[in-house]
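Residue numbers begin at 1 in each chain, while the letters A, B, ... track the order of the sequences. Side chains included, hydrogens not; waters and symmetry mates left out as well; all remaining heavy atoms used. Just so you know, these numbers come straight off a predicted model, no measurement behind them.
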There are 2 protein chains.
Amino acid sequence: MCGKGESEECCPVKDILARFGDKWSIYTILMLGKQEKLRFNELKAQITGVSQRMLTVTLRSLEEDGLVSRAVYPEIPPRVEYSLTPLGKSLLLQLLALADWAKLNINQILEARERYSKKTQPIS
Amino acid sequence: MCGKGESEECCPVKDILARFGDKWSIYTILMLGKQEKLRFNELKAQITGVSQRMLTVTLRSLEEDGLVSRAVYPEIPPRVEYSLTPLGKSLLLQLLALADWAKLNINQILEARERYSKKTQPIS
DNA sequence: TAACTAGGTTACTTTTAGTAACTCAAAATT
DNA sequence: AATTTTGAGTTACTAAAAGTAACCTAGTTA
């Protein structure tokens, strides 16, 4: 990708992968790809296992990168709608391909894990 | 992807993305995609910033999932060669597409970050 | 005899993620 | 009139993961 000793800025792939290199970003984009708009608690319900705090942190980071837009309606109780930006939608296409790969190959991966555990733990 | 309350096993996409949801896995596969075989220290030199421990941990995890194979030559000093398995190579294709997207859109993302920092930190 | 080598492991520190309780202000319920 | 509910978060705290640095192994070379 890049040479040695370069800064993050120089290396787009690494910089961007570092952003997705967390537990929730990719999954959040996939979920936002399924519906035009989603409110905070709708997202939270669909992304099984995410905590309120981590969803907030993830959405802020995606918003900062221009992948997700955040619309706040000044009501009480508050209403906030999240949606993918055009940039987010273009990334979604790549992530959908990745998701398809995952569905297609999950069995091979599970089998590999099985083999690995037998190889390293031969219960004597 | 899946409904609520399901276990990890039921949801291939989430399970697999959870594996790549770390700082080094994707980047390691991309590096192994550039050369048929790479030794531990060659990889370490190419993946800027990775520590010895994290490279070991990452490679073990990729090996466990059947994406990377590890060939140990019983010499002194030891020689260990890592390469992508056929499964790893099929994933590489998806990750290369993702890397291309990153190169193509890095500027838009950097501009978005710029806008975001100005919006949230208007130095009064 | 000491230093070097490649590919790790171990012990320890720092960063990040996860949990649970709390906030805000109006509207609805008791 | 006082209490509860509501959605979208914070805050403080704990657990887990990543980063750092020192150590190990056993043949070869200086």
Under a 4.5 Å side-chain heavy-atom rule over Ile, Leu, Val, Met, Phe, Trp and Tyr, are A:Leu91 and A:Leu96 clustered together? yes
Work out which heavy atom in B:Gln94 is nearest to a heavy atom in A:Leu98; give both atom names and the distance. CB-CD1, 3.8 Å
Mind checking if B:Lys23 touches a base, just sugar-phosphate, or nothing, with heavy atoms under 4.0 Å? sugar-phosphate
Taking the nucleotide of DNA chain D with the closest heavy atom to each, which residue, B:Arg53 or A:Phe40, is nearer the 5' end? A:Phe40
Whole angstroms only, please: what is the CZ-P distance between A:Arg39 and D:dT6? 12 Å
Taking NZ from B:Lys44 and C1' from D:dT20, how many angstroms apart are they, rounded to a whole number? 12 Å
Give the minimum heavy-atom separation between A:Leu55 and A:Val50, together with the two atoms involved. N-CG2, 3.8 Å
Would you say the side chains of B:Ser25 and B:Thr58 form a donor-acceptor pair under 3.5 Å? no
Side-chain contact, heavy-atom cut-off 4.5 Å: A:Leu67 with A:Leu32? no
Does A:Glu75, at its CD atom, have more than 12 non-hydrogen atoms belonging to other residues, nucleotides or ligands within less than 6.0 Å? yes
Do we see a donor-acceptor contact under 3.5 Å between the side chains of A:Glu81 and A:Tyr73? yes
Can you sort out which residues in residues 71-82 of chain A have a heavy atom within less than 4.0 Å of DNA chain C? Ascending by number, please. A:Ile76
Distance below 4.0 Å between A:Arg60 side-chain N/O and D:dG9 OP1 or OP2: yes
When you list every nucleotide of DNA chain C with an atom under 4.0 Å from a heavy atom of chain B, which one comes first 5' to 3', and which comes last? C:dT5 to C:dA11
Give me the atom names and distance for the closest heavy-atom approach of A:Ile47 to A:Met31. CG1-CG, 3.8 Å
Rounded to whole Å, how long is the line connecting atom CG of B:Leu55 with atom C1' of D:dA18? 14 Å
Measure from CE on A:Met54 to P on D:dA8 and round the result to the nearest Å. 19 Å
Can a side chain N or O of B:Trp24 be found less than 4.0 Å away from OP1 or OP2 on D:dA17? no
Minimum heavy-atom separation for A:Leu87 and A:Asp65, please, with both atom names. CD2-O, 3.9 Å
